[in-house]
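Notes follow once the structure below has been shown.
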Amino acid sequence: VPDMPDAGQRPGLLGRMLGRSDAPRRVLDDAMLESLEELLIQADMGVETAVRVTANIAEGRFGKRISTPELREALAAEVARIMTPVARPMPLYPTKPQVVLVVGVNGSGKTTTIGKLASQFKAAGKSVVIAAGDTFRAAAVEQLQIWGARAGVPVLTAPEGSDPASLAFDALTKARVDGADLLMIDTAGRLQNRQDLMEELAKIVRVIRKVDPTAPHNTLLVLDATTGQNALLQVEIFRKIADVSGLVMTKLDGTAKGGVLVALADKFGLPIHAIGVGEQIDDLAPFDPEDFARALVG
Ligand code: GDP
């Protein structure tokens, strides 16, 4: 396995790193497994997952001659096996409105994802309301209003600096009266002040439960796939401060380090509801494990 330093910069590169398809078959020995493990780590799978994947590939193949296409095939199958259980669309419930709390650090793509999701739900015949819960960032509220207009969905706002929980309460009450199917609540993403954020999210949940004890029905964590291993850390942090029920992975177009999705699936098993594949309103796709494995392995 050739040693190339820029592994994992974009999907498919892992495949290219595995080498030429017409290279002679090689014996799958310890050295080859070690290089493979190194490649997987460079491709952002993380050490634990890379070790496990390599061990699984070795099983039944160790000491035998293997061609590059066979190795690639084995790797794709292993990745697809890990990813299949987490490939699940966001569950929809009959509750009106279904409350979707959207969390994630600033810049992860929360606003964009809310816009894309709102547009998809609307196209599916659902009435959607968005609450601009990041009341401390005027720019975030403005962006959300732009996305709401694009999606044709109302965006409820509150004066800058006002209590997000009170906005969430008002939004849920109004969405209920209006008979909306879905309420999507944006939240702040200032991880610098984790304690603050934790209290803010807890308060939103407490307050909306006064209107509907079963809310929120989904808590989506939006993660930027290009942040690599950092995404793992964000899951750990957000799981402590919110009851994360599913993930949306953004920026899987272009230069995404897709390998981190394998690490996420392997480590947390949280469903991946959708993937962001661009900056336009239609650039949100269901997560397809087979396609993903193929693209990653090349
Ligand atoms: P927020 O701060 O979490 O609300 O993040 P935004 O939704 O404002 O997104 C931050 C930046 O990432 C913007 O420039 C978006 O256009 C971009 N972005 C979001 N999702 C995607 C995606 O799936 N692909 C690409 N290429 N860019 C994205």
Side-chain angles (χ1 to χ4, degrees), residues 8-13 44 87 89-90 100-121 128 130-151 153 155-158 160 164 167-168 183-194 196-197 200-201 204 218-228 230-231 233-235 237-238 241-242 244 246-261 264 272-288 291-292 295-296:
Q9 291 303 302
R10 61 199 129 97
L13 204 63
D44 250 335
M90 189 183 93
V100 182
L101 196 64
V102 184
V103 302
V105 300
N106 291 339
S108 62
K110 265 195 319 272
T111 309
T112 310
T113 300
I114 291 172
K116 290 171 176 176
L117 280 172
S119 167
Q120 283 191 357
F121 289 132
V128 185
I130 295 171
D134 190 356
T135 57
F136 285 85
R137 277 200 310 163
V141 174
E142 247 167 61
Q143 270 302 311
L144 204 53
Q145 282 173 316
I146 293 170
W147 276 103
R150 274 183 201 143
V153 163
V155 178
L156 304 180
T157 62
E160 194 177 342
L167 169 68
L183 168 65
M184 301 181 65
I185 304 175
D186 187 22
T187 61
R190 307 175 306 268
L191 259 200
Q192 310 85 285
N193 198 336
R194 208 180 293 178
D196 256 17
L197 186 59
E200 189 169 310
L201 291 176
I204 291 174
N218 315 81
T219 300
L220 303 188
L221 172 59
V222 177
L223 294 172
D224 176 344
T226 66
T227 62
N230 209 292
L233 197 64
Q234 287 175 23
V235 174
I237 293 170
F238 273 97
I241 63 182
V244 176
L247 308 176
V248 175
M249 301 301 303
T250 66
K251 310 185 198 182
L252 269 168
D253 50 310
T255 60
K257 292 193 169 193
V260 72
L261 271 71
L264 283 166
I272 299 176
H273 294 321
I275 54 169
V277 291
E279 299 187 80
Q280 305 302 313
I281 200 155
D282 291 329
D283 293 333
L284 188 78
F287 177 67
D288 183 318
D291 284 357
F292 171 79
L296 189 70

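Atoms within each ligand, like the ligands themselves, are counted from 1 in listed order. All values derive from a computational prediction rather than experimental measurement. If you read the sequence from its start, that first residue is 1, and numbering goes on from there.
Looking only at distances, a side-chain donor or acceptor of Thr187 sits under 3.5 Å from a matching main-chain atom of Val102. A donor-acceptor pair under 3.5 Å is formed between the side chain of Thr113 and the backbone N or O of Gly109.
A salt bridge links Glu200 with Arg190: the closest approach of a Lys/Arg side-chain nitrogen to an acidic carboxylate oxygen falls below 4.0 angstrom.
Near ligand 1, Val105, Asn106, Gly107, Ser108, Gly109, Lys110, Thr111, Thr112, Lys116, Arg137, Thr250, Lys251, Asp253, Gly276, Val277, Gly278, Glu279 each place a heavy atom less than 4.0 angstrom from the ligand.
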Going by atom type alone, with no hydrogens or angles, which donor-acceptor pairs under 3.5 Å involve a side-chain atom of residues 274-285 and a protein atom two or more places apart or on another chain?
| from | atom 1 | to | atom 2 | distance (Å) |
| --- | --- | --- | --- | --- |
| Asp283 | OD2 | Glu279 | N | 3.3 |
| Asp283 | OD2 | Gln280 | N | 2.8 |

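Evaluation of the side-chain contact (heavy atoms from CB on, under 4.5 Å) rule for Asn218 yields Met90, Pro91, Tyr93, Gln98, Val100, Leu220, Ser245 as partners, not counting sequence neighbours. Evaluation of the ring pair (Phe, Tyr, Trp, His ring centres under 6.0 Å) rule for Phe121 yields no partner, not counting sequence neighbours.
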